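From a predicted model like this one, the values you see are computed outputs, not experimental measurements.
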Amino acid sequence: MAFNPDGNSFISYPISQGPGVGKGYYSSQTPGITALVLVENDSANITLTVQVRTYSGDNISFEVLPGSTYSFNINSIQLIGILSSSGTGPAVGTLAIFPFFGFPLFANSRTVQG
């Protein structure tokens with residue numbers, strides 16, 4: 001799915017991977033986009049570790065606990081990957097990317113400068 005020129009569109013990727021598996025979900029040409037990234041973890045007992053690399057070379061990592069949602073705003077996104085912790089059952093959830101937002105939209109959002 002691609003961004004529309006109106007800037008109001010977003011990309012949504014379903015997360016579905018086995019425990020202990022890492023998977024790349026998004027990559028961008030240089031210099032990358034500025035966006036609000038939302039990760040929803042619908043897994044019963046698997047923690048998702050989200051890895052983001054920015055155009056400036058920063059590597060940002062954070063964990064999304066089972067049954068929770070986390071969002072953050074970041075500049076110049078190059079790559080987004082997700083590693084699922086070991087556990088039972090599949091790691092499931094959603095990765096959504098909302099481009100060009102310059103402010104947190106949710107109470108659990110934070111801004112990351114990359």
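- Cluster membership check: Phe10 shares its hydrophobic cluster with Leu36, using side-chain heavy-atom separations under 4.5 Å among Ile, Leu, Val, Met, Phe, Trp and Tyr.
- There is a side-chain donor-acceptor pair under 3.5 Å between Gln51 and Ser61.
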Requested in this report: Just do the side chain to side chain donor-acceptor pair (under 3.5 Å) check on Gln78 and Ser28 with the steps written out, would you?
Outcome: CA-CA 5 Å; Gln78 292 261 265; Ser28 175; 5.1 Å; no

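- Considering only heavy atoms from C-beta on, Val50 stays 4.5 Å or farther from Leu83 through its side chain.
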Requested in this report: Show the numbers, then the answer: is there a side chain to side chain contact (heavy atoms under 4.5 Å, CB included) between Ile80 and Val37?
Outcome: CA-CA 10 Å; Ile80 299 175; Val37 178; 4.1 Å; yes

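- Partner Asp42 forms a side-chain contact (heavy atoms from CB on, under 4.5 Å) with one of Leu48, Thr69, Ile15, Val92 and no other, that one being Val92.
- Using cut-offs of 30° and 60° for the angle between ring planes, the Tyr70 and Phe62 rings count as tilted.
- The CD1 atom of Ile77 sits 9.5 Å away from the OG1 atom of Thr54 when rounded to the nearest 0.5 Å.
- For the atom pair CZ of Phe98 and OG of Ser12, the computed distance is 7.5 Å after rounding to the nearest 0.5 Å.
- Counting heavy atoms from C-beta outward, Asn41 and Leu65 have side chains that stay 4.5 Å or more apart.
- Taking every heavy atom of both residues into account, Ser43 and Pro90 meet most closely at OG-O, 3.8 Å.
- Between the side chain of Ser84 and the main chain of Val21, a donor-acceptor pair closer than 3.5 Å is present.
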**Report entry** Check against side chain to side chain contact (heavy atoms under 4.5 Å, CB included), Asp58 and Arg53
**Finding:** CA-CA 6 Å; Asp58 295 325; Arg53 181 164 173 89; over 6 Å; no

